Amino acid sequence: MATADIKKIGVLTGGGDCPGLNPAIKAIVVKAHDCGVDVIGIQDGWMGLVSDGPYMHRELGLDIVRTIDRSGGTILGTSRTNPFNMEGGPDAVVGKFKALGLDALIAIGGEDTLGVADRLCNEHGLNVVGVPKTIDRDLSATQYTLGFETAVQVIMQAIDDLRTTAGSHRRIFVVETMGRHAGHLALKGGIAGSADIILIPEVPFEMDGVCRILADRHSAGHRYSIVVVSEGASLKDGSEELQSQELDDFGHVKLGGIGQSLAREIQEHINLETRHVILSHLQRGGSPVAYDRRMGYYFGTAAAEAVMAGKFGTMPSLKEGRVRLVTLKEAVSKLRTVDVRLDYDIENYRHSHRLLVS
Ligand code: F6P
């Protein structure tokens, strides 16, 4: 489809919110406006296309998006709705898409939202383009997903802030990050904050190893230590810590709580006072850092360009410093986890000190 065939597009944000969504929405609206195309904002992710509620969509003009790139969250709202998990869900989406007179849709989301976008495009013929976002940065086919750098900044700031109190009291602090099944957030936040131990889901840990490192630091005269643990990390032969057994619409469990049990275990094993902080949704808060504003602008603009060029079933991705289109299928085909061989030191439970690869 050429530019002339596109008159009206929809945009939605799905899954967990994060800073960077609003800059992407703004870029889409600005680019569309430049091309003489109207934009309809769909409220609350896929929910806005399966329900008939009165406030589930609105026109997005330049006046509405002018200042939104400075704020976190999403002006469109979000949800973890999966139309493929509902009786008649996909047909409802197609029906509403037609009723709104849309020629194409841009879905901004992670693995789940983009998985739905891919199926709607390939199985139901809907003109959909994606934009990658998730603080977990676990999508394959792109080196960046919106929200990641802001979340890393929050982790680093929390570690910086904890140092003075940890040092004053001679305490160990365990900082629990999000990241579900990928350790990127814990690893990059831990590197930026210079954490002493970083525990990631990709490498199950042994309590004895962790305690040995902390006890050695104490004997060497360090007043405190910082341990960063990803919510999805687990003990060797153990399982992840769950907040509840309940599954969301995409079959995910709610993780969280390992920070607390790890702090308790450390204190019991080596008799050094240990406290914990769970950063939880603070990592998805605040205004986007400069990189998320820039990437929101790049990804949003490129997604709108892809729509105008009729390149449906694709998503802009970051590869070797350039924005390129990849297929949604590639993006959701597998989880991108930490490359342990290159980036992690499994003996010392921290990032690798070796950077150059031969
Ligand atoms: O996928 C992003 C993420 O923030 C994960 O890191 C975390 O496990 C999950 O979402 C939490 O989701 P919710 O806000 O629905 O509890």
Side-chain angles (χ1 to χ4, degrees), residues 12-22 24 44-47 72-74 76-82 85 107-117 130-142 144-156 158 175-190 198-202 228-234 239-262 277-286 288-289 292 295-296 315 331-332 334-338:
L12 63 80
T13 50
D17 74 317
C18 67
L21 295 172
N22 284 330
D44 297 346
W46 296 113
M47 173 75 80
T74 161
L76 296 176
T78 185
S79 70
R80 295 198 185 274
T81 309
N82 181 358
N85 214 11
I108 311 175
E111 181 203 4
D112 300 329
T113 305
L114 298 179
V116 169
V131 169
K133 77 84 218 176
T134 162
I135 65 164
D136 301 354
R137 215 192 59 177
D138 59 359
L139 281 179
S140 53
T142 181
Y144 197 68
T145 56
L146 298 178
F148 180 73
E149 280 300 328
T150 307
V152 167
Q153 183 79 17
V154 171
I155 298 167
M156 182 193 76
V175 179
E176 180 183 311
T177 72
M178 280 187 169
R180 214 171 249 165
H181 306 301
H184 305 293
L185 266 183
L187 191 61
K188 305 298 179 197
I198 304 170
L199 303 172
I200 58 175
E202 292 84 346
V228 171
V229 62
S230 171
E231 63 179 356
S234 59
S239 55
E240 297 159 322
E241 205 127 337
L242 306 185
Q243 276 184 49
S244 79
Q245 300 284 341
E246 227 174 274
L247 300 182
D248 72 12
D249 235 16
F250 288 91
H252 302 299
V253 285
K254 251 197 199 102
L255 294 169
I258 189 163
Q260 183 170 14
S261 49
L262 181 61
V277 171
I278 300 178
L279 294 178
S280 185
H281 293 80
L282 283 174
Q283 292 159 99
R284 301 215 310 243
V289 295
D292 275 315
M295 290 312 297
M315 162 195 106
V332 299
K334 66 175 191 333
L335 212 61
R336 179 165 169 261
T337 52
V338 168

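Read the numbers this way: they start at 1 and go in the same order the structure lists the ligands and their atoms. Sequential numbering from 1 along the given sequence is applied to the chain's residues. Quick caveat: nothing in here was measured; it's all calculated off a predicted structure. Note: hydrogens, waters and symmetry copies are ignored here, and every other heavy atom, side chains too, is used.
- Checked by atom type and distance alone, the side chain of E176 pairs as donor or acceptor with a backbone atom of I258 at under 3.5 Å.
- Of the protein's non-hydrogen atoms, the one nearest atom 12 (O) of ligand 1 is R80 NH2, 2.8 Å.
- Proximity of V152 to L185: side-chain heavy atoms (C-beta onward) are separated by under 4.5 Å at one or more points.
- Taking a cut-off of under 4.0 Å to the non-hydrogen atoms of H281, the atoms of ligand 1 that pass are 13 (P), 14 (O), 16 (O).
- An N or O contact shorter than 3.5 Å is missing between M178 and ligand 1 by distance.
- In summary, the atoms of ligand 1 found under 4.0 Å from a heavy atom of R180, numbered by their order in the structure, are 1 (O), 6 (O), 8 (O), 9 (C).
- Taking 4.0 Å as the cut-off, H252 does not count as a neighbour of ligand 1 on heavy-atom distance.
- Near I135, meaning under 4.0 Å from one of its heavy atoms, ligand 1 places the atoms 4 (O).
- With rounding to the nearest 0.5 Å, the separation of CD in E111 from NZ in K133 is 10.5 Å.
- Nearest protein heavy-atom contact of atom 4 (O) of ligand 1 is R284 NH1, 2.8 Å.
- Residue contact check: D136 has heavy atoms under 4.0 Å from atoms 1 (O), 2 (C), 3 (C), 5 (C), 6 (O) of ligand 1.
- In this structure a side-chain-to-backbone donor-acceptor pair under 3.5 Å is missing from E240 to S234.
- Each of the atoms 5 (C), 6 (O), 7 (C), 8 (O) of ligand 1 lies under 4.0 Å from some heavy atom of E231.
- Listed by chain and residue number, nothing satisfies the side chain to side chain donor-acceptor pair (under 3.5 Å) test with T134 (two or more places apart in sequence, or in another chain).
- Distances from ligand 1 to the non-hydrogen atoms of G179 include at least one value under 4.0 Å.
- A search for side chain to side chain donor-acceptor pair (under 3.5 Å) contacts involving N85 returns D249, not counting sequence neighbours.
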Open item on the list: What verdict does the side-chain contact (heavy atoms from CB on, under 4.5 Å) test give for V175 and L279, after you've listed the backbone C-alpha separation in whole Å, the side-chain angles of each residue and the deciding distance to 0.1 Å?
Closed with: CA-CA 7 Å; V175 179; L279 294 178; 3.6 Å; yes
